[in-house]
Peer 1: 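The structure follows.
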Amino acid sequence: MGEKGGFHVHRWFVALWVATVLFIAASAASAAEQEEAMYEKRMELYKKAEAVSLIPWYYFAAIDQYERNVRQVRRDLPKPAGVLGIYMKPDVWAGPLNKNPHDTNPFTISQFGGLGVDGDGDGKARADDDDDVIMAMARYLQTYGIDHRHIKIALWNYYQRAKTVDLILGKVKIYKKYKTLKLDDHVFPLPLRANYSYRDTWGDARGWGGRRIHEGTDIFAGYGVPVRSTCYGIVELKGWNKYGGWRIGIRDINNTYHYFAHLNGFAADLREGQIVEPGTIIGSVGSSGYGPPGTAGKFPPHLHYGMYKDNGYTEWAFDPYPHLKAWERAERQQQRRR
Ligand SMILES: [Zn+2]
């Protein structure tokens with residue numbers, strides 16, 4: 001092939017490359033737009049339920065978000081059909097004694113004690129219709145009362161699990177404070193300018209995390225390097241543990257528990273129940289653990305970072321390494337852009 005042909009091929013590649021970049025940029029933009037529209041649609045439903053029931057929208061947002069995350073990690077529950085995560089089982093929707101578990105007649109459903117209602121006025125109470133589902137939840141909560149204490153009792157009776165009620169009420173607090181549903185931002189637990197190193201140690205036989213199999217990532221850094229919250233969440237735990245040393249647990253909006261161990265100490269004003277944001281300083285890197293409170297120096301200073309997920313029954317650890325990598329990368333890109 002002569003000079004000219006080579007030039008042609010080169011031009012063709014450039015054109016293809018430009019087209020690919022444009023395509024990726026366009027699909028990224030439309031994905032962001034879709035996400036935006038979905039958040040708006042959800043907020044509309046919550047606000048509609050608030051207008052009818054006088055129960056603040058953030059209770060619906062919290063219940064919905066809790067259930068959405070449970071459904072994402074459970075195989076025994078169907079995936080959401082609309083924008084809501086709330087799922088009412090057929091016998092709950094239609095009534096336990098209803099011979100038709102898929103009844104959509106609001107009258108017979110109420111006769112059999114089902115929670116299903118017609119929320120959008122189409123004459124049908126459908127368990128896969130977002131308007132009907134949000135209104136069914138609103139009506140159910142309303143039967144107990146519309147203040148915090150009564151909503152709490154309603155949640156207790158509905159879920160029959162203390163942890164679930166705590167998780168939902170934690171989200172209520174967060175949504176109430178930020179007044180938005182978009183609370184998915186994350187940052188790396190240490191400031192990126194600090195000297196640190198880490199690698200994927202998931203499942204290693206030994207570790208200084210306090211479990212027999214290493215459930216987390218060890219990020220090695222010097223004493224006193226600030227440790228930051230990786231997410232929007234609530235401080236669920238703060239204190240000493242024989243293996244973890246001084247440690248903090250933060251529950252985020254996705255039912256995920258972020259665990260920080262072997263700290264040198266805590267941020268001065270940090271308390272359990274406090275709301276934190278990505279970047280909030282919660283303590284500093286240390287080597288505490290493996291003995292009575294205050295024990296330190298039995299291993300090199302590092303942050304043990306763990307992530308746990310709740311599925312409505314139980315909680316399990318998953319590998320934080322890919323998330324750490326992604327957050328670190330995203331934060332570096334953001335810094336470059338500034
Ligand atoms: Zn560890």
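Atoms within each ligand, like the ligands themselves, are counted from 1 in listed order.
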Peer 1: Are Glu315 and Arg251 within salt-bridge range, i.e. N to O under 4.0 Å?
Peer 2: yes
Peer 1: Give a yes or no on this: more than 12 heavy atoms of other residues, nucleotides or ligands lie within 6.0 Å of atom NZ of Lys242.
Peer 2: no
Peer 1: Between Asp76 and Arg74, is the salt bridge (charged side-chain N to carboxylate O under 4.0 Å, His left out) condition met? List the steps.
Peer 2: CA-CA 6 Å; Asp76 58 326; Arg74 284 253 298 269; 2.7 Å; yes
Peer 1: N/O/S atom of His302 under 2.8 Å from the Zn ion (ligand 1), yes or no?
Peer 2: no
Peer 1: Check whether any N, O or S atom of Asp218, backbone or side chain, sits closer than 2.8 Å to the Zn ion (ligand 1).
Peer 2: yes
Peer 1: Evaluate the ring planes of Tyr259 and His304, with Trp represented by its six-membered ring, and classify them as parallel (under 30°), tilted (30 to 60°) or perpendicular (over 60°).
Peer 2: perpendicular
Peer 1: Could you tell me which N, O or S atom of His304 is nearest to the Zn ion (ligand 1)?
Peer 2: ND1
